[in-house]
Structures are given as structure tokens and as C-alpha cells.
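The residues of the chain are indexed from 1 along the displayed sequence.
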Amino acid sequence: MADPKGFMNTPREDWPRRPVEERVRDWNEVYVPGALLPIISRQADRCMDCGIPFCHEACPLGNLIPEWNDLVSREDWRVASDRLHATNNFPEFTGRLCPAPCEAGCVLAINQPAVTIKNVEVAIADRAWAEGFAPPRPPERLSGRTVAVVGSGPAGLAAAQQLTRAGHTVAVYERADRIGGLLRYGIPAFKMEKRHLDQRLEQMRAEGTKFRTSTAVGQDIGAAELRARYDAVVIATGATHWRELDVPGRELAGIHQAMEYLPLADRVCEGDLEVSPLSAAGKHVVIVGGGDTGADCLGTAVREGAASVTQLDIYPLPEPERNDDTEPWPTYPKIYRLSAAHEEARDLRSAPAADADARLFAASTLRFDGDAEGHVRTLHLVEVDERRSPLPGSGRTIPADLVLLALGFSGPDREDGLIDQLGLSLSARGTIVRDEDFATNVPGVYVAGDAARGQSLIVWAIAEGRSVAAAVDRRLSGGASRLPAPIGPYDRPMTV
């Protein structure tokens, strides 16, 4: 602990965001460039170096948070980078995209604002790239064993990097035309510019990982052929089977899934398209679903110039502070949070009918109505109680020219044939079944990430990728593995 009284004398200060009017005119990240470093050493001083640091327990990666907080407070960036990368392959991703359960578990958060762990993490990661502290780490020797990783999201990339560094020859198969999964086509550029992904991929290529894009396993290459070609196969395709909304009018034109909408905006930023065919420009947009994907749709629609944007959340308006009786520390509480997208919608008055920022809380969709051409024009909703039962007399109608469904995902997609061709067992939830070694019912085939766990956070995906890599390495080496395994397949976040 560099400053024993840092948590008493220094208030929390977060990375400032650019002015709303400025940032909604571009797709760059929302934060003020260069504004984090002047404050981050003081913020790292607030870490108390607890005897039992619950931030470790809250993070499935087991990040050594007090250690690198202390190193940053002393401005020892090189060693801080080493300690950060010791547990996390991609801290520049998590530092931007993770909702930071570590901060909810910070001991200081019992009665004060938590340490800005997420900001410290991204500051170390960015400094590591700027100073050359994250060079490629190719293996000293090759094992002669081969591994195919199917899917290039955070779980697949983490598994691939760990196995490559262990000396195995690894090829990553991705059905899209670029590597990255939802990091590439799904996460908006204003949350994470794709240059961060590209520089990490270049590091992985330099280490020896091979990438095969535009290759759908099960279609472009048979699953059995892939299995025969490699000593082991890791499935990390994610949970991409989206949930539907079964209400009257769902068949109308103009109603789309969020993951039909968001990738097109990313392709505009990549230069593939001049304008998205689903652009929200000039339209009244309604987003059904109150989670992060819905917020991503919100920020995207605002930047595209929507006439209005309203987000429906079936849950009631959260309290501003943690309820110690129902969500005690150190669990991750459901409290009112103002994301950058919600801040933009609030300041720009993008949703005049909303309860707070752009959201209508405790709102359930009843039906859609359309015009003579079969295009959606209005959405009928009703307020609900805590049991999601409709409240009499609370029905209302809002304009809707473009409706985006952001209701989450139930498991891996089966359309490409991978699951059926391999004969993989599925759980009642539609996820791929595995044992304590991350192995499926098919010999030599493993599964990691949301495809087995179900929809989760990026830190859990990376932790899964690291753990499945250790399991595969044990099998291929015929003994113990030196690769870390931060979690088991049945581990879950802390709950009451």
C-alpha cells in the first residue's frame, strides 16, 4: 500500500467522458483521450491492499488487483503490466467492456465508492502497448500437437493464445470475414475501437496462432473432418441463439434482432458499407430489453440520427444504492447505472416518454401494429408489477418505425450443423454439456465460454478460455500442465 490513508483522503474520480454533443457525432470511444493517466496513480493509492481482497473473489480471472494497484501508485508500469497479464490475456478488452464485478467486491465499497479498478486496468493495458511491454511470446519449442478452436470471441482467443504459447499448433476458425466474434461485430466502436482488437491479433499471429476466416465449421468444412485433422478441438462459438418475442405483430417489417442491427453499424465503421441498411436515421426506435445489448443499440441509434429512441425494461427502476438485505456486499448489485449511451439519450432528450434517461421501466410489450404496407408503426405496452403481471389501466402506445429486440441469448446456434454433426449432448437450456475437464461427450472435443456456460460476461469468457486451454494441454502433454486454470466449468458468480 503506497499511501495508507489514500482511501481516506482521495475521492473516487473516473475517466471523464467527452461532451455528449461531440461524441455522438463520431464512433470514437466516449472517453477523453489522455485524461486517465493524470488521475490514475492517485486512484490506485485508494486501494487498501486488504488482507482478504474480495476483488479477487469477484473476478473469475483472479486478477492480482492490489498488486498492480500498488505498482501503478509507484508508477512502475512495466511490472504492473507483467502482473496484469499474468492472469488476463486481454486487459484492454476487459478494461473497456467488463461491468467490473471486482469493484462491487472491493472492500472499500462496503461504505464508500470503490477503487476505480477498471480504470487502473485499462491504463496499465494501454501503457503496456504504448511502451512495448506486451511483446509476442512465441513458444520456445513446438509440441507437435495440433488444436482447432472454433469461434474467435474472447473465450476462443484466450484458449488459442494459451495453447499457442504452450507450444501447440493452433488454428482458429471463424465463420465471419474478420476475427473477433462479438468483439468485432456486435460491440460498438464507441465502447471499444477495433484497433485494440487488431493489435492483439497481430501479437497472436506473431506468436504462431493461425486464423481461418469465412469458414463455418459444419458447412464450409465438415465437423468430422475437422476432428480428424486435429488432435483436439475446442468449441467456443458463444451463445448466439437469440431469444424471441412472441406477441401479435412480430411478423411486421421493421422488427429486428439486436444482433441483426449492431453488426451492420460495425461494418459501416470498418468501411464495408456507406450506410447501414437498418439505419435508425429519422426513425422512431424502440428497443425491447434493458441490458447492455439494448444500451449498445441505444448509443448506435443516437449516432445514426434517430428521431427518438426508447428502451423498454421489464424490471422496475433500480434503487440508486445497494440493498444490503437482498444484495449484500460483495455480490454484484442491481442498482441504477447511467451508461454513456443512457447519458447521451438523457441529455439529447431522445426519449421524451421515458421514465429516466431513455428507459421505460416495468414495461412489457403487448403487440405491434403496422401500416397498410405491413411495416411496424406502433408498439403497445403495459406496466407490470414485480411479478410481471399487467397493471390495469396502464396500457399505452408509442411510435415505432424500427424495433430492436435485445432479449438475450439461450445457447449456441445450431444452424451451421456443428453440434449435430459431432453428436454433442445439450442441456435443457440448450447449452453444450461438458464434464469437469471441459470435455464434451465426444472424445477430443472440448467446449468453453457461453456455448457451455450460457450468456455471461467477458471476464468469464476469458477465464473459460484459459481454463479449457489448461485442460487440453494436460491431455496433449499426457500429464500436468503449466497453464493456469482460474475457474472450473461449474463455477458461478457470487450470489446471496
Task: Test side-chain hydrogen bond (donor to acceptor under 3.5 Å, both in side chains) applied to His168 and Thr164, step by step - done: CA-CA 5 Å; His168 308 301; Thr164 297; over 6 Å; no
Would you say [Y] and [X] are linked by a side-chain donor-acceptor pair, where the criterion is simply a distance under 3.5 Å?
X: Asn89; Y: Gln161; answer: yes
X: His241; Y: Arg414; answer: no
X: Arg322; Y: Tyr332; answer: no

- [ ] Tell me, yes or no, whether the heavy-atom count around Ile52 atom CD1, taken from other residues, nucleotides or ligands under 6.0 Å, exceeds 12.
- [x] no
Please determine if [X] and [Y] form a salt bridge, counting it only when a charged side-chain N lies under 4.0 Å from a carboxylate O.
X: Asp177; Y: Arg184; answer: no
X: Asp272; Y: Arg267; answer: yes
X: Asp231; Y: Arg475; answer: no
X: Glu67; Y: Arg83; answer: yes

TODO: Mind listing the closest non-hydrogen atom pair of Val442 and Gly423 along with its distance?
DONE: CG2-O, 4.2 Å
Task: Tyr31: ring pair (Phe, Tyr, Trp, His ring centres under 6.0 Å) partners, not counting sequence neighbours - done: Trp15
Task: Sub-4.5 Å side-chain heavy-atom contact between Val285 and Leu404 - done: yes
Under 3.5 Å, which donor-acceptor pairs link side chains of residues 150-157 to any protein atom two or more places apart or in another chain?
from: Ser152; atom 1: OG; to: Glu174; atom 2: OE1; distance (Å): 2.7
from: Ser152; atom 1: OG; to: Gly180; atom 2: N; distance (Å): 2.8
from: Ser152; atom 1: OG; to: Gly181; atom 2: N; distance (Å): 3.4

